Amino acid sequence: MLILHSPVDMHVHLRQGPMLSLVAPYTARDFAAAVAMPNLTTPVTDAEQVLSYRESILAAVAGHVFEPLMTLFFRPFSRQELQAVKPHILGVKLYPSGMTTHSETGVAELDQAEPTLALMEELDIPLLVHGEACGFVMDREALFLPVAERWARNFPRLRIVLEHLTTRQAVTLLDRVDRMYATITLHHLLLTLDDVLGGLMQPHLFCKPIAKRPEDRDALQQAALAHPKVFFGSDTAPHPVEAKEAPGCAAGIFSAPVALPALADFFEQHKALDRLQGFVSDQACAAYGLRPPRKEVRLVRETWTVPRRIGTVVPYLAGKPLNWRVDACT
Ligand code: NCD
Ligand code: ZN
C-alpha cells in the first residue's frame, strides 16, 4: 500500500461544458488540487473569467476534496489589473502564439512580454510558460530556452515555471537559474517520438510539445526521480475521439484517469517509490508556497486494465494493465 498526502497536479486542461463534467472528476478524485490552464475556446484573460471558470470547475467536482488553482492567460496587463486578479490566481500562463491548442491569441513577439513580466516580478506573480518558440518542431523547446534564460536574467525575482519539459537541455537550465522550476508530464517520462511516429502513427500519443529522443526521455526520468525543482504536471488534455482520429489530429493526451497509478508503477520500477510524494506534492508546494487541502490518497498494488474509452475520450494507456490502483481518498 502507498499513501500520498495531498497530491497536486500542476498542469491540467479541464475544458468547459460537457467535457469539463466528464473529465474534471478524475482529477478531483485523485488530487487535492490542480492548476487549471486558461486556454479555453475563449481564453481566461480577466478576473471575472477566472472567477466564473473556477465556479464551473467547482460545480463539476462537487463532493470531492479538491481546490482548483486558477491561471490567467497572458496578455499585456496593467498593474491595476494584476493587483486585482492576484488573490484569485496561482500565476499567469504564457503561450507563444500558435504553438498549441487555443494559443492563437498568445504572444507573437516574445520581447513584447517584458513590461508585463516586470509587473509580475514586482507583484510576485509566477510565470508559467509553454516553452516553445517558432522553428522546426523538434527544436522548438531548445529555441525557447535562451528566451527563458534572458527573462530570468532581466527579472531575477520572477518565478518561472517551464511547463511540460521535454528536453535534456531544459533540465540543465534548472541548475543554472535560481528561480526557475519545471513540470514534467507522465507521458514524457514514458514516450519518445518513436512511440508516436516510429511505427503506425498513434494519434492518442500526439501532444505538444512532441515527445523527443531517448536521451531526452532519460534526462526527464532522472529529473522526475531526483530533481528538487521539478514537479508533476500531467498536462492531461482531453479531446473527443473524432478530433484525435482525424486528419489534423488535435494535440493532447488525456492522462488524468491513470496519472497516479502509472506514476507509482514508474517510481516503483526505478526503486524510488519513496520519492513519489516529493514529485507529486512537496516540491510544487515548496516552489509556490502552496498549502493544498489535506487529502490522503491510498494506492494499492492491484492490477487493473485501463478502459478503452471514457465517454467521448480515449484515455492514455487505454487497454493496458497497471499495477497500482487508487483505492480510497480521505
Ligand atoms: C494542450 C491542449 O489540448 O489544451 N495540448 C497538448 O498537446 N498538451 C495544450 C498544451 O498544453 O500544449
Ligand atoms: Zn497543457
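In what follows, residues are counted from 1 in the order of the sequence shown. No experiment lies behind these values; they were computed from the predicted model shown. Ligands are counted one by one from 1 in listed order, and the atoms in each one are counted from 1 as well.
Around the Zn ion (ligand 2), protein N, O or S atoms at less than 2.8 Å comprise H11 NE2, H13 NE2, D235 OD1.
Side chains of Q283 and H227: no donor on one and acceptor on the other come within 3.5 Å. Counting only N and O atoms by type, the side chains of K295 and S6 include no donor and acceptor under 3.5 Å apart.
Between F66 and F31, the ring centre distance reaches or exceeds 6.0 Å.
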The test is side chain to side chain contact (heavy atoms under 4.5 Å, CB included); show your working for V107 and L94 and say whether it passes. CA-CA 7 Å; V107 177; L94 187 150; 3.9 Å; yes

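Ion pairing between E121 and R159 fails under the 4.0 Å rule for side-chain N and carboxylate O.
Under the 4.5 Å side-chain criterion, counting only non-hydrogen atoms from C-beta, V313 is not in contact with P240. A 4.5 Å side-chain heavy-atom check between L322 and L317 finds at least one atom pair inside the cut-off.
Within 4.0 Å of ligand 1, protein heavy atoms come from H11, H13, R15, N39, T100, T101, H130, H164, C207, K208, D235, A237, H239, A251, G252.
Between H270 and F266, the angle of the ring planes lies from 30° to 60°, which puts this pair in the tilted group. The aromatic rings of Y95 and F73 lie parallel to each other, their planes meeting at an angle below 30°, with 60° marking the opposite boundary.
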